[in-house]
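Quick notes on the structure that follows.
Keep in mind that what you see is a predicted model, and the values were worked out from it rather than measured.
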Amino acid sequence: MEAHAMNSIAQTNNSENPLSEKMQYFLRRYHVSRILRSANAYKRRGFPVLSIFLVAFSTAFTHRSFFMQMCLNRSAVPFAKDTFYRFMNSCHIHWRRFTTLLAATIIHSTIAPLTSADRVNVLILDDSIYHRARSQKVELLAHLYDHARKEFSCGFRMLTLCWSDGNTLLPVSHTLLSTEHPKNRLCASSERVDARSNGGKVRKLAQKKATEVMLCLLQEAKEAAIPARHVLFDTWFCSPASLLSVHELGYEVVAMAKKTQKVHYLHGGVMQDVKAIYRKHQKRRSRSKYLLSVEAAVRKGEASIPVRLVFVRNRNNRKDWLVLVTTDMGLTEEEVIRIYGKRWGIEVFFKACKSYLRLEKDCRAVSYDAMTAHVSIVLTRYMFLAVEQRESKDERSWGELFYLLMDELPDICLAEAVRLLVSVFAERLLEWTMLAEQEVQEQLEDFLDELSSLLSQKLRKCA
């Protein structure tokens, strides 16, 4: 009688989750299992790597960490917690290769067919502080200055390379930069990691300058055949050495130049800074999109390439001006301004990852490998949302799209809670020996009839 009564209530509701179906379709469509193998993520024993990855991938859409999922819904996690932690802490998985290959697959199979061949594709480089406050034992944790908050904080500079066609932005690769100065490093690298392994190599890369790591990310994107001609970045990475190095890789640069006396351009046979160049020329009048455009050159040692300097008004201060620099001399001034405007997409990316995709909330590990894996999974979540937005032609913001994709989860959580209450109710009814099985079933049916129609349907569906 007890078994019959309990079978009238659904024990699980896993197959009815449309979000889970969307995520599984995304993983199948872009062959994520194969890409994981290419990144050296192999099944050694036990559960498939893809099933572990799916659990980590879905945590942001459930508002639960992996630990809370283990506690509250053990049936949704088919493996032990040690299996998950071994996967996240593995020093053998090449996570930069994984995200780069996944982004390349999405671009070639989904975005490229929807994009005109004449559209300018770009790679965007920028960094953002990955905060790890109150975590003094985190590997390679550094004391950094946060320019957004105007204060020092503990964490990493998350240097990220993204691809964009102007409509869709996809993260390609990243590196959690520590610092090249040992005195600003709060915790040293683990000595147990073999320097020849991928974990040892990424730790070494994290202690280099951002301009050196930038070239490494661009080279990997080029090897993955990600289609882009221009590289965009702000004043932080804009220097004559960077312009020359990126140009040698085969990319053209559109960047925001520094307004400083320390950076000089060859103009009129004289090495001078942008302020001096601006003062010597007559500005365009009326309501032109730009104030001044001049041709110059950047020089580093014996190497030299021509550049175009485009001076524009600062929209935040009409009395001030900004200067864009490009190595593509075939671009007009209007095209330089338009192409650089695509850099704003990476700012939206950082905001979405921190506000919705739990970039700084889900991971509390002290291992550098686990943090690298976590950020790579967050980048995959963003790719998932980007594809959904592009194919549905959804003009809503990332926040609205995020909540749209997870709107089924609160109902499922509520249904699960009510199911547990009904289970307790059924057990208490069975303690009454005078009640027959048919009477218990009638009591349960009356209880379900009193619930809302939506919740009642969900509980009866799997009965």
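The two atoms that bring Ala206 and Tyr368 nearest to each other are CB-OH, 3.2 Å, heavy atoms only. Across all non-hydrogen atoms, the minimal contact from Val307 to Ala297 is CG2-N, 3.9 Å. When every heavy atom of Cys238 is checked against every heavy atom of Ala257, the shortest pair comes out as SG-CA, 3.9 Å. Minimum heavy-atom separation, Thr100 to Ala221: CG2-CA, 4.3 Å. When all heavy atoms of Thr99 and Ser173 are compared, the pair lying nearest together is OG1-CA, 3.8 Å. The two atoms that bring Lys342 and Asp165 nearest to each other are NZ-O, 3.9 Å, heavy atoms only.
Side-chain atoms of Lys283 come within 3.5 Å of backbone atoms of His281 as a donor-acceptor pair (strictly under, hydrogens ignored). Lys300 contributes no side-chain N or O that, together with a main-chain N or O of Leu244, makes up a donor-acceptor pair within less than 3.5 Å. Between the side chain of His174 and the backbone N or O of Leu379 there is no donor-acceptor pair closer than 3.5 Å. Between the Glu180 side chain and the Lys209 main chain, no donor and acceptor come within less than 3.5 Å of each other. Checked by atom type and distance alone, the side chain of Gln207 pairs as donor or acceptor with a backbone atom of Arg203 at under 3.5 Å. Under a 3.5 Å cut-off, the side chain of Arg381 and the backbone N or O of Leu357 do form a donor-acceptor pair.
Within the 4.5 Å cutoff, side-chain heavy atoms of Ile377 are placed close to those of Met88. Within the 4.5 Å cutoff, no side-chain heavy atoms of Leu161 are placed close to those of Glu220.
In this structure, Arg132 fails the cation-pi test against Phe156, since its NZ or CZ atom is not both closer than 6.0 Å to the six-membered ring centre and inside 45 degrees of the ring normal.
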Please walk me through it: do Val263 and Asp273 pass side chain to side chain contact (heavy atoms under 4.5 Å, CB included)?
-> CA-CA 6 Å; Val263 179; Asp273 61 86; over 6 Å; no

Just do the side chain to side chain contact (heavy atoms under 4.5 Å, CB included) check on Leu331 and Ile339 with the steps written out, would you?
-> CA-CA 10 Å; Leu331 295 177; Ile339 291 175; 3.9 Å; yes

Check step by step if side chain to side chain contact (heavy atoms under 4.5 Å, CB included) holds for Tyr251 and Thr327.
-> CA-CA 9 Å; Tyr251 293 106; Thr327 60; over 6 Å; no

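Residue Glu151 qualifies as enclosed at atom CD: its count of foreign heavy atoms under 6.0 Å is above 12. For Lys354, the NZ atom sits in a packed shell: over 12 heavy atoms of surrounding residues, nucleotides or ligands are nearer than 6.0 Å.
Aromatic rings from Phe87 and Trp95 are positioned such that their centres are separated by under 6.0 Å.
Using cut-offs of 30° and 60° for the angle between ring planes, the His374 and Tyr130 rings count as tilted. Ring planes of Phe61 and Phe384: perpendicular class, angle over 60° (limits at 30 and 60°).
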